[in-house]
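Note: hydrogens, waters and symmetry copies are ignored here, and every other heavy atom, side chains too, is used. Labels below follow one simple rule: chain letters A, B, ... track the order of the sequence lines, proteins then strands, and each chain is numbered from 1.
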Amino acid sequence: MEHIRTPKVENVRLLERSSGQRRISTGTLYLSATHTIFVESNPDTRRETWVLHSLVSGVERTPSTPAGSQLMLRCKDFKVFQILIPQEKDCSDVHSSLVRLSHPEKYSELYCLSFNPSVNKEEREESWRFIDLMADYKRMGVPNNLWVTTAANSEYRVCDTYPSEVFVPKSATPAVIVCSSRFRSRGRFPALTYFHQDTLAAVCRCSQPLSGFSGRCQEDELMLQAIMKSNPGSDYIYVVDTRPKLNAMANRAAGKGYENEDHYTNIKLQFIGIENIHVMRSSQQKIIDIGDMRAPSMTDFLWGLENSGWLKHIKAVLDAGVFIARAVADEGVSVLVHCSDGWDRTAQACSVASVLLDPYYRTIKGLMVLIERDWVSFGHKFSHRYAHLDGDPKEVSPVIDQFLECVWQLSEQFPCAFEFNEHFLISLHTHVYSCQFGTFLGNCQKERRDMRLSERTHSLWPQLWEDRAEYTNPLYKAELSQSQAVLRPNTTPYCFKMWKGLYNHMDKTTPARQSPADVLSAVREESQQLEEELTNHQEVPPGGTAHHNHQHPGSRQGIPHTKPLHTLNAR
Amino acid sequence: MEFSEHIKTANVEDVVLRQPLHPPLRGTLCITGHHLLFSDREEDEGRSSGQVLLLLRNIDAVEKRTSGSSGTITIKCKDLRVLQLDIPGMEQCLNIARSIETLSCLDCVSEMFPFFYRPSELNLQDQWGLSSPEEHYRQATELHNRWRLSSVNRDYSVCPTYPRAVVVPREISDDMLVKASRFRQGGRFPVLCYVHRKNGMVIVRSAQPLTGANRKRCKEDETLLQAVIGGSDKGYVIDTRSAQQAQQARMTGGGFESKSCYSQWKRLHRHMERGKALQESLIKLVEACGDESSNMDRWLSKLENSKWLSHVQTALSTAGLLAECVERDGRSVLVHGSEGTESTLLVSTLAQLIMDPGCRTLEGFLALLEREWVQAGHPFQQRCAHSAFSHARLQHESPVFLLLLDCAWQLWRQFPLALGFSEALLLRLADEAYASSYGTFLCNSEQERSVAGVREKTHCLFQALLRSRHRDSYCNPLYERTELAIWPSVHPQSLQLWRGFFLRWTPQTRLLEEAQEEIRNMIVEWEKLVMS
């Protein structure tokens, strides 16, 4: 609380901008330890706007006007709030408070460590068990006679950014694992992320080898051999280096690099060309700038879009996933994926491949499992990438944003293949940044364990699961997923669009555009009810009273029979 | 039949047909006066996929390539489909190509297929069209006080591109109309096209005034416009040209309503692209969509360079402006550009879709198209003679109607519940405008249609659509009437490439169609349950 210079300012005007629409309201501004709260003074509405400090990415003071001094709050979820404060002094106080509050220096300042929903200790512990990665490995059929867990990394001895339990080829001995890890950046040795039961091919991940120009490591070579042997149907593996080839080559000068095909027998090396985190950071900034343009012409917009390079990068990530999925599903060949450290581009490529390969990851629960596995457990540096604490701005990059966007682009191409809707992806995006839950805090499993986050914070997953009704895609066809297990997307440039829903939040309060999803969800729900009632109805013996009391779900909800949907629109 | 002289080879066996979304077929190719017919060998097994019946009129370009004793013909259609035929025998191949080239662009209206199309379920005695200007006026009783139906154009002598009957202010006599018509290009004097029920304000449309360099005036034209606004103190003129273009038009005898002569009218200029520029835009866009080798930068740059989406944006924003003047500002508006048969119709149609729930039903929308495009004299035959693939020199082609359908699609996408028709209807209309079995889009005006006997000798598309057994697929299952205006967002992010049309023959579009099908099924299932 010591950072709050002034907790309350009256007669403040708030201007919200979203999707080209603007609304202005007058009210009182409050600063709490965790939120900026604006309460509209209009007694009829008293609408409240809450902005989490940890979601604020920037606080700018814009030139004062006769009406007062202005503050601009930019949020990590791409919302923008403009605040007009009558007194210069108040504005300055609010500004400096917010600058400090939005740049926490210690984990203990974060919202998740004070966020305290009314659940008891047991429930909290239960919430952390909601996603069970071992159950998912079991679902995909491991351990088996090809892949086993290894104790090598217990207590994070071999690789401190990996989970303590990982799956490796059965023939890989602890000595091979340990030596291989010494030959890989940050000790990130090859480990299983997805096993494809139909073809017995696997997706594995690691970091770049420390090969330099001529270095080699026999155990690492044995490790890759072991991966190949764990797929009886194939006599080679792909090594997918997700970096542009030039970057990979440049790394050799620093004693790192990529696998030399002369040393590793039976590998096929493939470069994908996803750019590094710095390129992605500045590309996303350009996309955000497009959203800020007042009244752009179509030409401005399309130039801006091209110039940002954003969709090109999204396509590169999706292409990486498509390559892996094809190798595994169509060719039956195992793939080892890496980039430099193996925690950004590698996470993207592996998780996109899993979404393409396995319909389970296209369900609400499945996507949670996937993020927990490929991102959380394998040490994606959430706190650094999403600037949870004030730190090195060069570490920040929208890595998981791009994964979520790939999933969104896929859902646009396959409208019936995903159980979840766009809101789910946007909610995930918000929570990656919000620090309301402990799920994404820290940079690896070890860090989270050392911070005892499971005792001090709550898990996001059960919360999202509870709200799943609002995240459900009414067009989802589960039975289709069975027949079309592997998604084969088209990645021709014209299949990509700017993700308007994320970069330009629809203002929920203005008269909404009509949403077919809402209507369809209501229709689906009501159909189910009606079906149930019909079944019940048939069970009633002739002459029973059920019919007498029977009330139409339609009329019960005040929905007229022929046109049921008025109530929904009237909201 | 005289077509036979164009058909040297009518049948070829052992032809391989390649078309998007289907595996290649081997079978027999047959050319008739109006159709290309292909049927594969296994047709007796009852597989319908082996049959292709293509209206020759639908063919925009034919490219032939011969090698050795066989040849390949690539057929590019106006619905953007590209087919390929591998034909054994060089001479046969050349004959077929020549026949298609000739028969696909017959000039004489009476030789066109609609005059030969006699499906068993339709009768030439059936009602032609949905409504006439007379009926439309009769039903709009709220008009009768201030507006009358004039048959000054009963023999098309006052304005050759107007229908026989038009609605004009009650106090303006036919004599005055005749004089006013001489002051407007093509005789297109201001006529009523829409009355806003909420406030009685109107939209009238015309061609440009012929003020010329000498700033000619016409008292009758001024009186007519004064009568349009009646007691109100102000009206708007939306000129679909830039102020500069309007100025330049004076040099060639055209012009605009000057402040001094039309003191109660405020002019708003909105530059809308037309004619050749629009056609070139379409050509560039289709080319970009067909080039799958582009990388992302190149695709976005080509998309921008085509300017098609800019034209969509301008059309919707000008229509929005028009609707705003009427609904929010409570003013009557005169719309025109130069000839008043292109962008004028585009914005007046879109504005009515935005404001009037009556135009948003399936019937209402078709009736709107009939009034504002067919009867109002959009020269369909000239504008839709060729589409994006044609190698022929451009003459009067311009995809204004396609642009309208694209804009209607954008509205449909932004307001998925407010429009009673489906994307399938818009696609069908796009096809029919360029190649049709029906007479509706034949000719360039009502006069031409009357001379050719279109009403007597062809079937009406709109009636056929409404009676079609596919009618359900032309309806929007989510439709729910709203009385509110539907204000489109014209922010570039809110406008999208119409994939259903421009990328229609890609597998991805099939997936989107399946999703629409799923929506339809869900609603049908639900309705069954509710009724049970």
Given that the side chain runs from C-beta out, which part of Arg499(B) has a heavy atom under 4.5 Å from chain A: side chain, backbone, both or neither?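 Contact with chain A involves the side chain of Arg499(B) alone.
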Between Asn305(B) and chain A, with a heavy-atom cut-off of 4.5 Å, which part of the residue counts as in contact: side chain, backbone, both or neither?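 No part of it gets close to chain A.
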Check the surroundings of atom [atom1] in [X]: do more than 12 heavy atoms from other residues, nucleotides or ligands lie under 6.0 Å from it?
{"X": "Arg510(B)", "atom1": "CZ", "result": "yes"}
{"X": "Trp505(B)", "atom1": "CH2", "result": "yes"}
{"X": "Lys245(A)", "atom1": "NZ", "result": "no"}
{"X": "Arg326(A)", "atom1": "CZ", "result": "no"}

Drop me the distance from [X]'s [atom1] to [Y]'s [atom2], to the nearest 0.5 angstrom.
{"X": "Gln496(B)", "Y": "Met498(A)", "atom1": "CD", "atom2": "CE", "value": "11.5 Å"}
{"X": "Gln413(A)", "Y": "Leu511(B)", "atom1": "CD", "atom2": "CG", "value": "7.0 Å"}
{"X": "Leu530(A)", "Y": "Lys528(B)", "atom1": "CG", "atom2": "NZ", "value": "13.5 Å"}
{"X": "Lys500(A)", "Y": "Ser489(B)", "atom1": "NZ", "atom2": "OG", "value": "5.5 Å"}
{"X": "Gln493(B)", "Y": "Phe301(A)", "atom1": "CD", "atom2": "CZ", "value": "5.0 Å"}
{"X": "Lys302(B)", "Y": "Leu302(A)", "atom1": "NZ", "atom2": "CG", "value": "15.0 Å"}

Quick one: does Glu514(B)'s side chain get under 4.5 Å of Pro415(A)'s, heavy atoms only?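 Contact flag for Glu514(B)/Pro415(A) side chains = no.
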Under 4.5 Å from any heavy atom of chain B, what part of Thr492(A) do you find: side chain, backbone, both or neither?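 The side chain, not the backbone.
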Proximal component of Glu412(A), with respect to chain B [non-hydrogen, under 4.5 Å]: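 Contact with chain B is through the backbone of Glu412(A) alone.
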Identify the two heavy atoms, one from [X] and one from [Y], that lie closest to each other, and give their separation to 0.1 Å.
{"X": "Val523(A)", "Y": "Met522(B)", "result": "CG1-O, 3.8 Å"}
{"X": "Leu475(A)", "Y": "Glu518(B)", "result": "CD2-CG, 3.7 Å"}
{"X": "Pro296(A)", "Y": "Pro492(B)", "result": "O-CG, 3.4 Å"}
{"X": "Cys416(A)", "Y": "Ala515(B)", "result": "SG-CA, 3.9 Å"}
{"X": "Lys312(A)", "Y": "Asp297(B)", "result": "NZ-OD2, 3.3 Å"}

Please determine, among Thr506(B), Leu303(B), Leu512(B), Leu503(B), the option with the most heavy-atom pairs under 4.5 Å with chain A.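 With the most close heavy-atom pairs to chain A, the winner is Leu503(B).
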Salt bridge (charged side-chain N to carboxylate O under 4.0 Å, His left out) against Glu405(A), all qualifying residues, sequence neighbours excluded: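 Expected list: none.
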Please identify each residue that fulfils salt bridge (charged side-chain N to carboxylate O under 4.0 Å, His left out) with Glu517(B), with sequence neighbours left out.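 Not a single residue meets the salt bridge (charged side-chain N to carboxylate O under 4.0 Å, His left out) criterion with Glu517(B).
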Any donor-acceptor N or O pair under 3.5 Å, side chains Glu525(B), Ser527(A):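 Absent: no donor and acceptor within the cut-off.
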Quick check on the structure: residues of residues 309-317 of chain B within a heavy-atom distance below 4.5 Å of chain A, by number.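 Listed by number: Leu309(B), Ser310(B), Gln313(B).
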Using only non-hydrogen atoms and a strict under-4.5 angstrom cutoff, which residues of residues 280-292 of chain B touch chain A?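 At a heavy-atom separation under 4.5 Å, chain A is reached by Cys289(B), Glu292(B).
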Applying side-chain contact (heavy atoms from CB on, under 4.5 Å), run through Leu300(B) and Asn307(A) and close with a yes or a no. CA-CA 9 Å; Leu300(B) 288 172; Asn307(A) 186 251; over 6 Å; no
